[in-house]
Amino acid sequence: MATFDATPCLSAKLEDLDVDYIKSTYLPIAFDEETLANDKRDIKEQLASIHLYDRDNDSPTYAGIILFGKNPKYFLPGNYVQFVRFAGKDKGGDILNERQFAGPLYKMLPTLESFVRDGIITQRPVPETLFRERTVWNYPEGAIRELLMNACMHRDYQSNMPIRLYQFDDYIEVMNAGGLYGEARPENFPSVNDYRNPLVAEAMRVMRYVNKFNRGVTRVQEMLKENGNPPAEFDVNTITAFRVNVHATNESDLANNPKSGTSQGTSQGTSQGTSQGTSQGTSQGTSQTDKTIEEMIIEFCKEPRSLVEITAYCGFQNKRKFRERYLNPLIGTGIQMTIPDKPRSRLQRYIKI
């Protein structure tokens with residue numbers, strides 16, 4: 001049986017898709033230049049070949065609407081992300097902030113990435129010794145990003161319930177409609193994965209938002225551990241929803257994991273340098289720091305990674321400085337760009353050579 005994202009959205013027409021973006025940006029990254037040059041079919045035929053358009057009904061598929069629709073919420077009322085910041089530790093607290101993120105995934109996903117980075121992730125200094133501090137993040141940016149990408153990829157788009165991103169004083173809750181799907185069961189989670197929306201998942205892979213290696217949960221737990229957070233708590237026993245809670249770093253966790261945060265950088269470091277570098281280290285410490293960061297980048301880029309992901313993984317905040325100092329010197333020697341002819345493309349990823 002065809003999945004929901006492959007079925008036609010009968011009330012939609014070609015004009016409801018952002019065809020200009022599909023032709024100028026998506027197709028060139030999905031197919032090589034020669035293939036596109038030799039493809040003389042009209043746009044409907046091209047979109048039908050990748051299941052974004054249904055020729056029999058002369059209408060886009062739901063995947064086309066979800067990914068590239070001009071107004072997906074018109075056809076799918078629950079197709080948005082609801083963010084709420086509650087005061088306190090439960091939903092009974094005052095609402096401090098509320099936002100909705102809607103639109104096609106190609107626009108919404110980068111907006112979500114920016115919001116997580118600027119609106120949720122915070123840092124604070126934690127004393128290491130009498131004269132030295134280290135910086136600790138409340139949540140690793142990459143882990144929250146991964147959970148949101150998975151929610152957008154796996155959610156039940158037929159439901160009117162939006163994806164919920166709820167932030168409390170000491171934890172974050174991410175919930176999406178639709179429980180485990182297909183071959184995935186509570187007893188084999190997260191070892192077995194299946195796709196409720198295979199067309200959406202493939203397009204997100206092409207746009208480098210996910211990799212479909214079934215390592216998302218493992219990566220989230222690894223990033224949380226490295227940052228000093230408790231493990232994420234996954235609720236996979238509900239048929240109609242999938243929920244995960246991520247707890248912020250706290251002093252007891254940091255005490256049990258004294259190395260957490262050092263990979264995020266310190267404000268005063270010593271001449272030996274830390275994994276992030278320091279502002280007062282000696283030339284010997286700086287050299288060792290650079291070498292360590294290079295190794296971190298190359299190791300992390302075994303899979304295609306964005307500048308945002310790499311910067312966050314290495315614990316830096318200023319992407320421009322990080323790219324100039326650490327990333328660019330590695331291009332051609334340790335890593336390479338996935339879109340070398342467009343170095344500043346927002347879809348740009350870096351992968352180990």
Side-chain angles (χ1 to χ4, degrees), residues 3-5 7 9 11-12 16-18 60-88 90-121 139 141 143-168 171-181 184 195-201 203-204 207 209-210 216 220 232-246:
T3 53
F4 173 73
D5 61 346
T7 59
C9 181
S11 58
D16 292 306
L17 299 180
D18 191 340
T61 63
Y62 278 102
I65 294 294
I66 292 165
L67 291 160
F68 307 111
K70 293 179 180 179
N71 185 13
K73 198 175 175 183
Y74 176 82
F75 303 99
L76 301 164
N79 186 16
Y80 64 98
V81 176
Q82 179 187 62
F83 169 78
V84 182
R85 173 63 169 99
F86 292 93
D90 56 49
K91 298 181 181 71
D94 293 336
I95 295 178
L96 303 180
N97 189 16
E98 187 273 335
R99 285 190 61 178
Q100 285 191 12
F101 300 89
L105 287 186
Y106 89 86
K107 286 185 176 180
M108 188 171 68
L109 297 182
T111 303
L112 279 174
E113 285 182 318
S114 298
F115 177 74
V116 169
R117 180 174 61 252
D118 301 329
I120 293 180
I121 306 301
Y139 305 98
E141 179 184 336
I144 305 303
R145 175 195 180 277
E146 184 80 28
L147 293 173
L148 283 173
M149 296 301 117
N150 283 346
C152 292
M153 178 169 61
H154 291 293
R155 69 156 293 172
D156 180 0
Y157 281 95
Q158 297 182 77
S159 171
N160 290 328
M161 185 188 91
I163 293 172
R164 295 176 181 174
L165 173 60
Y166 288 173
Q167 183 179 8
F168 304 89
Y171 75 97
I172 285 175
E173 176 184 284
V174 179
M175 178 184 288
N176 59 272
L180 295 178
Y181 178 81
Y195 293 97
R196 176 179 280 106
N197 309 298
L199 301 181
V200 172
M204 289 179 65
M207 293 187 287
Y209 287 110
V210 298
V220 166
E233 301 171 350
F234 291 88
D235 180 0
V236 296
N237 293 306
T238 305
I239 297 175
T240 58
F242 183 94
R243 179 172 60 194
V244 55
N245 288 346
V246 182

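The two residues Pro72 and Pro104 have their closest heavy-atom pair at CG-N, 3.6 Å. Nearest heavy atom pair, residue Ala201 against residue Val210, reads O-CG2, 3.9 Å. Closest of all the heavy-atom pairs between Phe86 and Ile95 is CE2-CG1, 4.1 Å. Across Lys70 and Leu17, no two heavy atoms sit closer than the pair CE-O, 3.3 Å. Nearest heavy atoms, Asp5 versus Val200: OD2-N, 3.2 Å. The two residues Ser11 and Asp16 come nearest to each other via the heavy atoms O-OD2, 4.5 Å.
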Test log, rule side-chain contact (heavy atoms from CB on, under 4.5 Å), inputs Leu105 and Ile66: CA-CA 6 Å; Leu105 287 186; Ile66 292 165; 3.8 Å; yes

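Looking only at side-chain heavy atoms (C-beta outward), Met149 and Glu113 come within less than 4.5 Å of each other. You'll find the side chain of Phe168 reaches within 4.5 Å of the side chain of Glu173, heavy atoms only. The shortest distance between side-chain heavy atoms of Thr3 and Tyr181 falls below 4.5 Å. Using a 4.5 Å cut-off on side-chain heavy atoms (C-beta onward), Cys152 and Leu109 make contact. Counting heavy atoms from C-beta outward, Ile121 and Val116 have side chains that approach closer than 4.5 Å.
Listed by chain and number, the residues in a salt bridge (charged side-chain N to carboxylate O under 4.0 Å, His left out) with Arg155 amount to none (sequence neighbours excluded).
To the nearest 0.5 Å, atoms OG1 (Thr7) and OH (Tyr62) are separated by 6.0 Å. One distance of note links OG1 of Thr61 with CZ of Phe4; it measures 9.5 Å at 0.5 Å rounding. The distance from the CE atom of Met175 to the CE atom of Met161 is 6.0 Å, given to the nearest 0.5 Å. Residue Tyr209 holds its OH atom at 14.0 Å from CE of Met153, rounded to the nearest 0.5 Å. Here CZ of Phe242 is found 14.0 Å from CG of Asp156. Values are rounded to the nearest 0.5 Å. Here CE of Met108 is found 6.0 Å from CD1 of Ile163. Values are rounded to the nearest 0.5 Å.
Taking the centre of each ring, Phe115 and Phe101 come in below the 6.0 Å mark.
Atom NZ of Lys107 sits in a sparse spot, with 12 or fewer heavy atoms from other residues, nucleotides or ligands closer than 6.0 Å.
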Side-chain atoms of residues 73-85: list all donor-acceptor pairs with protein atoms under 3.5 Å, sequence neighbours left out, distances to 0.1 Å.
from  : atom 1 : to     : atom 2 : distance (Å)
Lys73 : NZ     : Gln100 : OE1    : 3.1
Gln82 : OE1    : Tyr166 : OH     : 2.8
Arg85 : NH1    : Asp169 : OD1    : 3.2
Arg85 : NH2    : Asp169 : OD1    : 3.3

